[in-house]
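Below, all heavy atoms of this structure are taken into account, side chains as well, without hydrogens, waters or symmetry copies. No experiment lies behind these values; they were computed from the predicted model shown. Note on naming: letters A, B, ... go to the chains in the order of the sequence lines (proteins, then strands), and numbering restarts at 1 for each one.
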Amino acid sequence: DGGITQSPKYLFRKEGQNVTLSCEQNLNHDAMYWYRQDPGQGLRLIYYSQIVNDFQKGDIAEGYSVSREKKESFPLTVTSAQKNPTAFYLCASSRGAADTQYFGPGTRLTVL
Amino acid sequence: GQQVMQIPQYQHVQEGEDFTTYCNSSTTLSNIQWYKQRPGGHPVFLIQLVKSGEVKKQKRLTFQFGEAKKNSSLHITATQTTDVGTYFCAGELIQGAQKLVFGQGTRLTINP
């Protein structure tokens, strides 16, 4: 059953702690993306990767880091430098850079 | 930076009324895609338009791509409560990095 998964669905962390969000896909897609969505707002691109071992900053990369060591996986770390990390985080993948994007179910991060 | 603008940001209608959201770019687009995000869910791909002046229909939904390939619209005829959600357009800019740029989305609410 092909798809893109994110875990966990809900995540709570204390202020000042780094936290890593998981994103896995078995669609054999080359490109993967991380978006942030605040309540009632649109999608803001954090990082994207078009190929393994390479990634680019999106519009709001400050306070975040990523890695792309495997084609299937694109974890996002929300660091303590991110001033307002509470948000809904969406991971997506696509066959190529501008192809249709398939989104995971998202992770709701709350920093207390 | 290069942006894809979407209007209106919010739209509230009575069930049975029509609804239209518009997407505009200052730069010519290679193609445009439309996504729907149900409340609490993740964006799901609806359709892609590629040709100048293209019109596609999905039941009560009509999608158009402008002649100059700089604008697009999504029109829903006789809305139903199942149409509630946020509709995003996403365009691939002909010039610049090869990636999709998402509009801010139009949030549709419906009074039954």
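Between chain A and the residues B:Q9, B:R107, B:H42, the largest count of heavy-atom pairs under 4.5 Å involves B:H42. Put simply, of B:P43, B:G91, B:A90, the one with the most heavy-atom pairs under 4.5 Å next to chain A is B:P43.
Contact annotation for B:Q37: only side-chain heavy atoms (C-beta onward) come within less than 4.5 Å of a heavy atom of chain A. For A:Y33, no part lies near chain B; criterion is any non-hydrogen pair under 4.5 Å. Proximity to chain B is limited to the side chain of A:L90, based on heavy atoms less than 4.5 angstrom apart. Contacts between A:Y102 and chain B at a heavy-atom distance below 4.5 Å are absent for every atom of the residue. A:D99 touches chain B through its backbone: at least one of N, CA, C or O sits under 4.5 Å from a heavy atom, while the side chain does not. Heavy atoms closer than 4.5 Å to chain B are found in the side chain of A:R108, but not in its backbone.
A:Y64 and A:F55 fall within the same hydrophobic cluster, defined by Ile, Leu, Val, Met, Phe, Trp and Tyr side-chain heavy atoms under 4.5 Å apart, directly or through other members. B:I76 and B:Y22 fall into different hydrophobic clusters, defined by Ile, Leu, Val, Met, Phe, Trp and Tyr side-chain heavy atoms under 4.5 Å apart, directly or through other members. In the hydrophobic clustering of this structure, A:Y89 does not group with A:I4; members are Ile, Leu, Val, Met, Phe, Trp, Tyr whose side-chain heavy atoms approach within less than 4.5 Å, directly or through other members. B:L93 and B:I32 fall within the same hydrophobic cluster, defined by Ile, Leu, Val, Met, Phe, Trp and Tyr side-chain heavy atoms under 4.5 Å apart, directly or through other members. Both A:L11 and A:V78 sit in one connected hydrophobic cluster of ILVMFWY residues. Membership requires side-chain heavy atoms under 4.5 Å apart, directly or through other members.
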Residue pair A:Q37, B:T86: steps toward the side chain to side chain contact (heavy atoms under 4.5 Å, CB included) verdict:
CA-CA 12 Å; A:Q37 188 175 38; B:T86 301; 5.7 Å; no
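Looking only at distances, a side-chain donor or acceptor of B:Q33 sits under 3.5 Å from a matching main-chain atom of A:A98. Judged by distance alone, the side chain of B:Y35 and the main-chain N or O of A:Q101 form a donor-acceptor pair under 3.5 Å.
Here the CZ-CG distance, from B:F102 to A:L43, works out to 6.0 Å after rounding to the nearest 0.5 Å.
Closest approach of A:Q41 and B:F88 over heavy atoms only: O-CZ, 4.5 Å.
By the 6.0 Å contact criterion, CD on A:E62 is open, its count of non-hydrogen atoms from other residues, nucleotides or ligands being 12 or less. Heavy-atom contacts from other residues, nucleotides or ligands closer than 6.0 Å to CZ of A:F88 number more than 12. No more than 12 heavy atoms of other residues, nucleotides or ligands lie within 6.0 Å of CZ in A:R95, so this atom counts as exposed by the packing criterion. Taking a 6.0 Å sphere around CD of A:E69, one finds it holds 12 or fewer heavy atoms contributed by other residues, nucleotides or ligands.
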